S.K.: 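I'd like to ask some things about the structure below.
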Amino acid sequence: MTDHELATKLKELAETPAPPSRLDLDRARRLGGRRRRARTTALVLGCAAVVTAGGWTAVSAFRPAPPPIAPAAVLPTPSLAAPPSVAPAPTDNPLVAKASFGWLPEEIKGIEYATGGHGDTVLAIGRGDLPPMIWLSVDDSEPGPPPNLSGTPKRVPQKVGGRDGHWITTDVNDPLNHGASYLRWPTPDGRWAQLHTYYLARPDLQQALVRVASEVTFGPRAVSLPLRISSLPPSFRLSDASTSRRPDDDGVPWQLVLQYSANGALVTINVSPPGARRTYGLGEPRCTTKNGLRACVAIDKPQAAGIAAQELLSRITLLGPDETKWTTHVIG
(Lines give C-alpha, C1' and ligand atoms only; values in the text may rest on other atoms or scores of the structure.)
Protein backbone atom coordinates (compact mmCIF):
# COMPACT_ATOMS: atom_id res chain seq x y z
CA MET A 1 0.00 0.00 0.00
CA THR A 2 1.42 3.42 -0.92
CA ASP A 3 1.69 6.34 1.50
CA HIS A 4 -1.08 8.10 -0.41
CA GLU A 5 -3.40 5.09 -0.15
CA LEU A 6 -2.66 4.68 3.54
CA ALA A 7 -3.26 8.37 4.15
CA THR A 8 -6.62 8.06 2.42
CA LYS A 9 -7.59 5.10 4.63
CA LEU A 10 -6.61 7.04 7.74
CA LYS A 11 -8.57 10.02 6.54
CA GLU A 12 -11.71 7.94 6.08
CA LEU A 13 -11.26 6.49 9.58
CA ALA A 14 -10.79 9.90 11.14
CA GLU A 15 -13.86 11.30 9.40
CA THR A 16 -16.25 8.74 10.91
CA PRO A 17 -18.37 10.49 13.58
CA ALA A 18 -20.05 8.79 16.51
CA PRO A 19 -23.57 7.51 15.67
CA PRO A 20 -26.45 9.91 16.36
CA SER A 21 -28.61 9.68 19.44
CA ARG A 22 -31.60 7.37 19.05
CA LEU A 23 -33.14 6.82 22.49
CA ASP A 24 -31.11 8.04 25.48
CA LEU A 25 -29.17 11.29 24.98
CA ASP A 26 -27.09 10.83 28.17
CA ARG A 27 -26.15 7.31 27.10
CA ALA A 28 -25.24 8.61 23.65
CA ARG A 29 -22.91 11.17 25.20
CA ARG A 30 -21.10 8.47 27.18
CA LEU A 31 -20.87 6.12 24.19
CA GLY A 32 -19.88 8.93 21.86
CA GLY A 33 -17.07 10.00 24.18
CA ARG A 34 -15.68 6.47 24.40
CA ARG A 35 -15.93 5.94 20.64
CA ARG A 36 -14.28 9.25 19.89
CA ARG A 37 -11.38 8.34 22.20
CA ALA A 38 -11.14 4.96 20.47
CA ARG A 39 -11.07 6.60 17.04
CA THR A 40 -8.41 9.04 18.21
CA THR A 41 -6.26 6.18 19.52
CA ALA A 42 -6.64 4.27 16.25
CA LEU A 43 -5.71 7.34 14.24
CA VAL A 44 -2.62 8.02 16.33
CA LEU A 45 -1.44 4.40 16.05
CA GLY A 46 -1.98 4.42 12.29
CA CYS A 47 -0.31 7.75 11.80
CA ALA A 48 2.82 6.53 13.55
CA ALA A 49 3.58 4.48 10.44
CA VAL A 50 3.41 7.36 8.01
CA VAL A 51 3.95 10.67 9.80
CA THR A 52 7.08 12.41 8.65
CA ALA A 53 9.86 13.77 10.85
CA GLY A 54 7.89 17.02 11.09
CA GLY A 55 5.29 15.21 13.19
CA TRP A 56 2.25 16.12 11.09
CA THR A 57 -1.07 14.29 11.36
CA ALA A 58 -1.96 12.39 8.18
CA VAL A 59 -4.31 14.27 5.87
CA SER A 60 -7.44 16.21 6.88
CA ALA A 61 -8.67 14.48 10.02
CA PHE A 62 -11.22 17.22 10.71
CA ARG A 63 -12.86 16.97 7.27
CA PRO A 64 -16.62 16.87 7.97
CA ALA A 65 -18.46 13.84 6.62
CA PRO A 66 -21.88 12.23 7.04
CA PRO A 67 -22.35 9.27 9.44
CA PRO A 68 -20.86 5.85 8.60
CA ILE A 69 -22.33 3.68 5.87
CA ALA A 70 -24.41 0.63 6.77
CA PRO A 71 -26.89 -1.50 4.79
CA ALA A 72 -30.35 0.02 4.35
CA ALA A 73 -33.61 -0.97 2.73
CA VAL A 74 -34.25 0.35 -0.75
CA LEU A 75 -36.75 3.13 -1.30
CA PRO A 76 -38.46 3.48 -4.69
CA THR A 77 -35.89 4.38 -7.35
CA PRO A 78 -35.67 8.17 -7.82
CA SER A 79 -36.26 9.83 -11.14
CA LEU A 80 -33.45 9.48 -13.69
CA ALA A 81 -34.40 12.64 -15.55
CA ALA A 82 -31.49 14.75 -16.82
CA PRO A 83 -30.20 17.13 -14.15
CA PRO A 84 -31.22 20.78 -14.54
CA SER A 85 -28.73 23.37 -15.68
CA VAL A 86 -27.05 25.27 -12.88
CA ALA A 87 -25.14 28.55 -13.00
CA PRO A 88 -21.39 27.95 -13.40
CA ALA A 89 -19.30 28.04 -10.24
CA PRO A 90 -16.38 30.47 -9.86
CA THR A 91 -13.07 29.09 -11.12
CA ASP A 92 -10.68 31.11 -8.94
CA ASN A 93 -11.96 29.75 -5.62
CA PRO A 94 -11.46 26.11 -4.55
CA LEU A 95 -14.38 26.19 -2.10
CA VAL A 96 -17.83 26.82 -3.60
CA ALA A 97 -21.04 25.93 -1.75
CA LYS A 98 -24.11 24.66 -3.59
CA ALA A 99 -26.49 26.18 -1.04
CA SER A 100 -26.51 28.51 1.96
CA PHE A 101 -28.34 28.55 5.27
CA GLY A 102 -30.64 31.39 6.23
CA TRP A 103 -32.22 31.11 9.69
CA LEU A 104 -30.56 28.73 12.17
CA PRO A 105 -31.37 27.78 15.79
CA GLU A 106 -29.48 29.56 18.56
CA GLU A 107 -27.62 26.33 19.41
CA ILE A 108 -25.67 26.67 16.15
CA LYS A 109 -22.43 28.63 16.51
CA GLY A 110 -20.69 28.27 13.14
CA ILE A 111 -20.83 27.06 9.54
CA GLU A 112 -18.38 24.62 7.97
CA TYR A 113 -17.95 24.00 4.24
CA ALA A 114 -16.51 21.07 2.34
CA THR A 115 -16.11 20.12 -1.31
CA GLY A 116 -14.18 17.51 -3.25
CA GLY A 117 -13.83 13.76 -3.38
CA HIS A 118 -15.83 13.17 -0.20
CA GLY A 119 -18.83 15.19 -1.36
CA ASP A 120 -20.09 18.76 -1.15
CA THR A 121 -21.68 19.74 2.15
CA VAL A 122 -22.51 22.71 4.34
CA LEU A 123 -22.57 21.97 8.07
CA ALA A 124 -24.18 24.14 10.74
CA ILE A 125 -22.46 23.14 14.00
CA GLY A 126 -22.72 23.99 17.68
CA ARG A 127 -20.29 23.59 20.57
CA GLY A 128 -19.52 20.93 23.14
CA ASP A 129 -18.41 17.31 23.31
CA LEU A 130 -21.24 16.20 21.01
CA PRO A 131 -22.15 19.42 19.20
CA PRO A 132 -25.52 19.71 17.44
CA MET A 133 -25.10 19.33 13.68
CA ILE A 134 -27.31 20.16 10.70
CA TRP A 135 -25.87 18.82 7.43
CA LEU A 136 -27.12 20.42 4.19
CA SER A 137 -26.50 18.70 0.86
CA VAL A 138 -27.88 19.11 -2.67
CA ASP A 139 -28.10 16.43 -5.38
CA ASP A 140 -29.23 16.55 -9.00
CA SER A 141 -31.95 13.98 -8.21
CA GLU A 142 -33.29 12.52 -4.99
CA PRO A 143 -30.69 10.08 -3.62
CA GLY A 144 -31.46 6.59 -2.40
CA PRO A 145 -32.20 5.76 1.25
CA PRO A 146 -29.85 7.19 3.87
CA PRO A 147 -27.11 4.56 4.13
CA ASN A 148 -27.02 4.40 7.94
CA LEU A 149 -30.76 3.74 8.45
CA SER A 150 -31.63 0.21 9.52
CA GLY A 151 -35.01 -1.41 9.00
CA THR A 152 -37.31 -0.19 6.25
CA PRO A 153 -37.07 3.58 5.62
CA LYS A 154 -40.43 5.29 5.07
CA ARG A 155 -41.52 8.71 3.81
CA VAL A 156 -43.66 11.05 5.89
CA PRO A 157 -44.96 14.02 3.83
CA GLN A 158 -43.83 17.52 4.83
CA LYS A 159 -44.33 20.84 3.05
CA VAL A 160 -41.18 22.95 2.78
CA GLY A 161 -41.67 26.47 1.46
CA GLY A 162 -44.79 25.36 -0.39
CA ARG A 163 -43.06 22.37 -1.98
CA ASP A 164 -43.89 18.71 -1.38
CA GLY A 165 -41.03 17.30 0.64
CA HIS A 166 -40.85 14.45 3.14
CA TRP A 167 -39.13 13.10 6.22
CA ILE A 168 -37.34 9.77 5.96
CA THR A 169 -37.71 7.62 9.06
CA THR A 170 -37.86 4.04 10.21
CA ASP A 171 -40.85 4.92 12.43
CA VAL A 172 -43.90 6.50 10.75
CA ASN A 173 -45.06 7.67 14.18
CA ASP A 174 -41.85 9.66 14.59
CA PRO A 175 -40.91 11.68 11.49
CA LEU A 176 -37.75 12.86 13.29
CA ASN A 177 -36.43 9.28 13.45
CA HIS A 178 -35.60 9.41 17.18
CA GLY A 179 -33.27 12.37 16.80
CA ALA A 180 -31.39 11.35 13.65
CA SER A 181 -33.59 13.39 11.33
CA TYR A 182 -33.72 13.45 7.53
CA LEU A 183 -35.77 16.06 5.68
CA ARG A 184 -35.78 16.17 1.86
CA TRP A 185 -37.45 18.56 -0.54
CA PRO A 186 -37.20 19.62 -4.21
CA THR A 187 -35.35 22.86 -4.95
CA PRO A 188 -36.71 25.58 -7.26
CA ASP A 189 -34.31 24.46 -10.05
CA GLY A 190 -35.42 20.80 -9.91
CA ARG A 191 -32.68 19.32 -7.72
CA TRP A 192 -33.15 17.76 -4.27
CA ALA A 193 -31.95 19.13 -0.93
CA GLN A 194 -31.54 17.26 2.32
CA LEU A 195 -31.10 18.26 5.96
CA HIS A 196 -29.60 15.58 8.18
CA THR A 197 -29.66 16.54 11.85
CA TYR A 198 -28.44 14.97 15.05
CA TYR A 199 -27.47 15.96 18.62
CA LEU A 200 -29.95 18.85 18.33
CA ALA A 201 -32.54 18.57 21.10
CA ARG A 202 -35.35 21.12 21.53
CA PRO A 203 -39.12 20.88 22.12
CA ASP A 204 -39.97 22.43 18.74
CA LEU A 205 -37.40 20.48 16.73
CA GLN A 206 -39.71 19.56 13.85
CA GLN A 207 -40.92 23.13 13.35
CA ALA A 208 -37.38 24.47 13.69
CA LEU A 209 -36.00 22.15 11.00
CA VAL A 210 -38.82 23.01 8.62
CA ARG A 211 -38.00 26.68 9.12
CA VAL A 212 -34.28 26.02 8.50
CA ALA A 213 -35.14 24.19 5.27
CA SER A 214 -37.59 26.86 4.11
CA GLU A 215 -34.94 29.59 4.40
CA VAL A 216 -32.12 27.76 2.56
CA THR A 217 -31.05 29.49 -0.65
CA PHE A 218 -29.64 27.62 -3.64
CA GLY A 219 -26.99 28.32 -6.26
CA PRO A 220 -23.17 28.33 -6.27
CA ARG A 221 -21.61 30.69 -3.74
CA ALA A 222 -17.87 31.10 -3.38
CA VAL A 223 -16.81 30.94 0.27
CA SER A 224 -14.56 33.75 1.50
CA LEU A 225 -11.13 32.41 2.48
CA PRO A 226 -8.19 33.91 4.43
CA LEU A 227 -5.55 33.69 1.70
CA ARG A 228 -4.54 34.44 -1.85
CA ILE A 229 -2.35 32.14 -3.94
CA SER A 230 -0.59 33.90 -6.80
CA SER A 231 -0.55 30.76 -8.97
CA LEU A 232 -0.69 26.98 -8.88
CA PRO A 233 1.18 24.60 -11.20
CA PRO A 234 -1.00 23.33 -14.06
CA SER A 235 -0.73 19.74 -12.78
CA PHE A 236 -2.59 20.60 -9.55
CA ARG A 237 -6.09 19.08 -9.22
CA LEU A 238 -8.26 19.85 -6.20
CA SER A 239 -8.90 16.76 -4.06
CA ASP A 240 -10.61 18.31 -1.04
CA ALA A 241 -11.24 21.73 0.43
CA SER A 242 -12.77 22.21 3.85
CA THR A 243 -13.16 24.59 6.74
CA SER A 244 -13.49 23.63 10.40
CA ARG A 245 -14.99 25.65 13.24
CA ARG A 246 -14.33 23.43 16.24
CA PRO A 247 -12.39 25.40 18.86
CA ASP A 248 -13.06 22.73 21.49
CA ASP A 249 -11.06 20.25 19.38
CA ASP A 250 -8.57 22.44 17.52
CA GLY A 251 -7.74 25.13 20.09
CA VAL A 252 -8.36 27.85 17.48
CA PRO A 253 -11.62 29.37 16.18
CA TRP A 254 -11.26 27.89 12.69
CA GLN A 255 -9.01 26.03 10.28
CA LEU A 256 -8.81 25.79 6.48
CA VAL A 257 -7.34 22.83 4.60
CA LEU A 258 -6.83 22.71 0.84
CA GLN A 259 -5.57 19.46 -0.67
CA TYR A 260 -4.43 18.92 -4.23
CA SER A 261 -3.15 15.94 -6.17
CA ALA A 262 -0.29 16.53 -8.61
CA ASN A 263 1.11 13.65 -10.66
CA GLY A 264 0.44 11.26 -7.78
CA ALA A 265 1.73 13.61 -5.08
CA LEU A 266 -0.41 14.95 -2.23
CA VAL A 267 -0.17 18.69 -1.59
CA THR A 268 -1.71 20.16 1.58
CA ILE A 269 -2.16 23.83 2.46
CA ASN A 270 -3.24 24.47 6.05
CA VAL A 271 -4.21 27.95 7.36
CA SER A 272 -5.39 28.90 10.86
CA PRO A 273 -4.71 31.36 13.64
CA PRO A 274 -1.50 30.47 15.51
CA GLY A 275 -1.80 27.85 18.24
CA ALA A 276 -3.78 25.10 16.49
CA ARG A 277 -3.47 21.73 18.21
CA ARG A 278 -3.60 19.87 14.90
CA THR A 279 -2.05 20.46 11.50
CA TYR A 280 -2.64 18.28 8.47
CA GLY A 281 -0.59 16.92 5.61
CA LEU A 282 2.05 14.41 4.55
CA GLY A 283 5.64 15.39 3.94
CA GLU A 284 8.02 17.79 5.65
CA PRO A 285 6.01 20.98 6.35
CA ARG A 286 7.13 24.50 5.60
CA CYS A 287 5.33 27.13 7.70
CA THR A 288 5.12 30.87 8.13
CA THR A 289 3.27 33.22 10.47
CA LYS A 290 2.27 36.57 9.05
CA ASN A 291 -0.53 39.10 9.55
CA GLY A 292 -1.90 37.18 12.54
CA LEU A 293 -2.24 33.83 10.73
CA ARG A 294 -0.12 30.72 10.31
CA ALA A 295 0.13 28.85 6.98
CA CYS A 296 1.83 25.50 6.40
CA VAL A 297 2.47 23.65 3.14
CA ALA A 298 3.36 19.96 2.93
CA ILE A 299 4.10 17.91 -0.19
CA ASP A 300 4.74 14.21 0.19
CA LYS A 301 6.49 13.84 -3.21
CA PRO A 302 7.92 17.23 -4.28
CA GLN A 303 9.60 15.85 -7.39
CA ALA A 304 6.31 14.52 -8.75
CA ALA A 305 4.48 17.71 -7.80
CA GLY A 306 7.06 19.80 -9.65
CA ILE A 307 7.32 22.36 -6.84
CA ALA A 308 8.90 22.52 -3.39
CA ALA A 309 6.81 23.27 -0.32
CA GLN A 310 8.78 26.46 0.40
CA GLU A 311 8.20 27.75 -3.14
CA LEU A 312 4.44 27.16 -2.89
CA LEU A 313 4.38 28.78 0.55
CA SER A 314 6.04 31.89 -0.92
CA ARG A 315 3.09 32.26 -3.30
CA ILE A 316 0.59 32.54 -0.43
CA THR A 317 -0.56 35.88 0.97
CA LEU A 318 -2.32 35.69 4.35
CA LEU A 319 -5.20 38.14 4.78
CA GLY A 320 -5.43 38.18 8.56
CA PRO A 321 -8.00 36.97 11.13
CA ASP A 322 -10.64 39.64 10.31
CA GLU A 323 -13.12 37.63 8.22
CA THR A 324 -14.57 40.76 6.61
CA LYS A 325 -11.22 41.13 4.81
CA TRP A 326 -11.15 37.62 3.38
CA THR A 327 -11.61 37.05 -0.33
CA THR A 328 -13.64 34.92 -2.72
CA HIS A 329 -10.94 35.39 -5.40
CA VAL A 330 -8.30 33.04 -4.04
CA ILE A 331 -6.13 31.87 -6.94
CA GLY A 332 -4.37 34.11 -9.44
Side-chain angles (χ1 to χ4, degrees), residues 15-17 19-20 22 64-89 96-104 111-124 133-200 205-221:
E15 290 169 351
T16 305
R22 301 188 67 82
I69 293 176
V74 177
L75 288 170
T77 303
S79 169
L80 298 180
S85 59
V86 180
V96 178
K98 291 183 177 180
S100 304
F101 285 112
W103 180 83
L104 286 166
I111 308 294
E112 298 182 353
Y113 299 91
T115 188
H118 289 75
D120 298 346
T121 57
V122 183
L123 170 61
M133 297 185 181
I134 306 176
W135 296 88
L136 170 62
S137 56
V138 182
D139 292 283
D140 289 334
S141 59
E142 183 180 3
N148 65 324
L149 279 187
S150 59
T152 304
K154 304 170 181 65
R155 292 188 175 107
V156 177
Q158 174 66 63
K159 288 281 189 180
V160 178
R163 297 181 176 273
D164 292 325
H166 50 262
W167 303 93
I168 297 182
T169 179
T170 56
D171 181 357
V172 292
N173 296 315
D174 180 12
L176 300 183
N177 197 51
H178 310 294
S181 308
Y182 295 88
L183 177 59
R184 292 177 176 177
W185 71 102
T187 71
D189 61 11
R191 295 180 293 167
W192 276 84
Q194 174 179 280
L195 291 185
H196 175 32
T197 308
Y198 50 96
Y199 302 140
L200 178 61
L205 181 57
Q206 185 165 347
Q207 295 91 334
L209 293 180
V210 171
R211 181 178 177 186
V212 170
S214 299
E215 298 194 22
V216 167
T217 56
F218 299 95
R221 184 180 72 81

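Along the sequence shown, residues carry numbers from 1. Since the model is a prediction, treat every value here as computed from it, not as a measurement.
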S.K.: Can you check whether Val160 reaches Leu183 side chain to side chain, under 4.5 Å on heavy atoms?
M.R.: yes
S.K.: Between atom CG of Leu205 and atom OG1 of Thr197, what is the distance when rounded to the nearest 0.5 Å?
M.R.: 7.0 Å
S.K.: If I take atom OG1 from residue Thr121 and atom CD from residue Gln194, how far apart are they, to the nearest 0.5 angstrom?
M.R.: 11.5 Å
S.K.: So, for Trp167 and Ser181, which heavy atoms are closest and what is the spacing to 0.1 Å?
M.R.: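 Minimum heavy-atom separation between Trp167 and Ser181: CZ3-CB, 4.2 Å.
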S.K.: Looking at every non-hydrogen atom in both residues, tell me the closest pair between Val122 and Ala99 and how far apart they are.
M.R.: CG2-O, 3.5 Å
S.K.: Testing the basics here: between Pro175 and Thr169, what is the closest heavy-atom pair and its distance to 0.1 Å?
M.R.: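 Closest heavy-atom pair between Pro175 and Thr169: O-CB, 3.8 Å.
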S.K.: Is it true that Lys159 and Asp164 have a side-chain N and a carboxylate O under 4.0 angstrom from each other?
M.R.: yes
S.K.: With Asn173, which residues qualify under side-chain hydrogen bond (donor to acceptor under 3.5 Å, both in side chains), at least two apart?
M.R.: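 Testing Asn173 for side-chain hydrogen bond (donor to acceptor under 3.5 Å, both in side chains), a comparison that skips the adjacent residues, returns none.
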S.K.: For Ile134, is there any backbone N or O sitting under 3.5 Å from a side-chain donor or acceptor partner on His196?
M.R.: no
S.K.: Who pairs with Asp174 by side-chain hydrogen bond (donor to acceptor under 3.5 Å, both in side chains), at least two apart in sequence or on another chain?
M.R.: His178
S.K.: Answer with yes or no whether the side chains of Arg221 and Tyr113 bring together a donor and an acceptor at under 3.5 Å.
M.R.: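 Tyr113 vs Arg221: donor-acceptor pair found between side chains.
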S.K.: Please list all pairs meeting salt bridge (charged side-chain N to carboxylate O under 4.0 Å, His left out) that have one or both residues in residues 206-219, counting only residues at least two apart or in different chains.
M.R.: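 Salt bridge (charged side-chain N to carboxylate O under 4.0 Å, His left out) check on residues 206-219 returns Arg211-Glu215.
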S.K.: With side chains defined as the heavy atoms from C-beta onward, is the minimum distance between Phe101 and Ile111 less than 4.5 Å?
M.R.: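 A side-chain contact exists here, since the closest heavy-atom pair is under 4.5 Å.
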S.K.: Which pair of heavy atoms, one from Gly161 and one from Ser214, lies closest together, and at what distance?
M.R.: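 Here Gly161 and Ser214 meet closest at N-OG, 3.4 Å.
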S.K.: Can you check whether Val96 reaches Thr115 side chain to side chain, under 4.5 Å on heavy atoms?
M.R.: no
S.K.: Do you know which of Trp192, Trp185, Tyr182 makes ring-ring contact (aromatic ring centres under 6.0 Å, His included) with His166?
M.R.: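 Passing option: Trp192.
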S.K.: With a 4.5 Å heavy-atom cut-off, do Arg184 and Pro143 have their side chains touching?
M.R.: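 Counting from C-beta outward, Arg184 and Pro143 do come under 4.5 Å.
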S.K.: Can you tell me how far apart CG (Asp171) and CG (Leu176) are? Round to the nearest 0.5 Å.
M.R.: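 Atom-to-atom, Asp171:CG and Leu176:CG are 10.5 Å apart.
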S.K.: Quick one: do Val138 and Asp120 satisfy side chain to side chain contact (heavy atoms under 4.5 Å, CB included)? Show the steps, please.
M.R.: CA-CA 8 Å; Val138 182; Asp120 298 346; over 6 Å; no
S.K.: Considering only heavy atoms from C-beta outward, does the side chain of Val216 approach that of Leu136 to under 4.5 Å?
M.R.: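 Yes; the side chains approach each other to less than 4.5 Å.
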S.K.: For residues Asp189 and Thr187, is any side-chain donor paired with an opposing acceptor at under 3.5 Å?
M.R.: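 Side-chain D/A pair, Asp189 to Thr187: present.
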S.K.: List the atom of Ile168, the atom of Glu142, and the distance in Å for their closest heavy-atom pair.
M.R.: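 Here Ile168 and Glu142 meet closest at CD1-OE2, 4.4 Å.
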S.K.: Between Asn177 and Thr170 (side chain of the first, backbone of the second, donor and acceptor by atom type, cut-off under 3.5 Å), is there such a pair?
M.R.: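 Looks like yes, one N/O pair under 3.5 Å.
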